[in-house]
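One structure is given below, encoded as structure tokens.
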Amino acid sequence: MKKIGVLTSGGDSPGMNPAIRAVVRKAIFHNVEVYGIYGGYSGLISGKIKKLELGSVGDIIHRGGTMLQSARCPEFKEKEVQLKGIEQLKAHGIEGLVVIGGDGSYRGAKALTELGFPCVGVPGTIDNDIPGTEQTIGFDTALNTVIDAIDKIRDTATSHERTFVIEVMGRDAGDIALWAGLAGGAETILIPEENYDMNEVADRLRSGQERGKKHSIIVVAEGVCSGYEVARKLQEETKMDTRVSVLGHMQRGGSPTAADRVLASRLGARAVEILIEGKGGRAVGIEKNKLVDYDIIEILDKKHTFDLDLYNLSKELSI
Ligand code: ADP
């Protein structure tokens, strides 16, 4: 393989830039040319393709977002649009493609692979919901953003003896809520993977208050329901002064943490190795700190493993 392409797609995540940098530098190190596709699958079908050099990815390792821009492109689900994308790649002599993104982006890469164009998926999403990897690029940075916010909210919650409901991102997955809730010392964590009983949550709040707790922090994953809905129900049940903070898109921004930069560098470089080995149609990931790769067609039928032990621990530690 002498020419490869790289694109970022779907929701952006901090660490996509170091991943792009790794793809470009690793490829050039092996005398492979790299083409950047700007604006995800949308840029692919409209031919926004430009050769990248070593210097093209200078000074981006510490920046959030993606220098290649990202986009949603619903029409990419259609076969004729996918074929148009392959035509564009072939017109530039590109023989393999690295797709950095989430679940939807992987489905695009799977479709191209099934049409005979080799792709490698690199898990780039803050949600940590991709099968075939224990951690996705951007998750650690998002967690640190969330715990920074929880710590600040805790200060004001304590001063006013208030209950705070903090709604965090994660789409249908509860990983951000679980990990940030544990790291931020939340009293209750509500995630889509586990059922909850609002009466029990209210009882916990009341008994905490009776023991002299000055505040309560409840972290809710967006996949459960709106933080406002939880606050309304709790206020009704407990009559406690309850406030809501929806953290929103700040969770997707910011300079990637060291852990995300290292993960992005390792996964980006591995994706290039796989293409050079002539093995397209894979998805790279990390398990027990070792790089792994799986068939991108098969992996999408699996589910990201939810860490039940961590959830149980969070319950034990927040009594
Ligand atoms: P993410 O990659 O973060 O999960 P999306 O779900 O929005 O984000 O997907 C990103 C893009 O991937 C979509 O806009 C579309 O272009 C492409 N995509 C999503 N699902 C499919 C599919 N089933 N087949 C082909 N392409 C898809």
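Keep in mind that the numbers below use all heavy atoms, side chains included, and drop hydrogens, waters and symmetry copies. Treat the numbers as computed from the prediction; the structure is a model and nothing was measured. Note that ligands are numbered from 1 as they come in the structure, with each ligand's atoms numbered from 1 the same way.
- Salt bridge status for Arg232 with Glu236: present, with a side-chain N to carboxylate O gap under 4.0 Å.
- A donor-acceptor contact shorter than 3.5 Å links the side chain of Ser159 to the backbone of Asp155.
- Sorted by chain and number, the heavy-atom contacts of ligand 1 below 4.0 Å come from Ser9, Gly10, Gly11, Tyr41, Arg72, Cys73, Phe76, Lys77, Gln82, Gly102, Asp103, Gly104, Ser105, Arg107, Gly108, Arg171.
- Tyr35 and Tyr38 are members of different hydrophobic clusters when ILVMFWY side chains are connected at heavy-atom separations under 4.5 Å.
- A salt bridge between Glu187 and Lys213 is present, with a side-chain N of the basic residue lying under 4.0 Å from a carboxylate O of the acidic one.
- Residues passing the ring pair (Phe, Tyr, Trp, His ring centres under 6.0 Å) test with Phe76 are Tyr41, sequence neighbours excluded.
- Look at Glu53 and Lys51 and you find a salt bridge, because one of the NZ, NE, NH1 or NH2 atoms lies within 4.0 Å of a carboxylate O, short of that distance.
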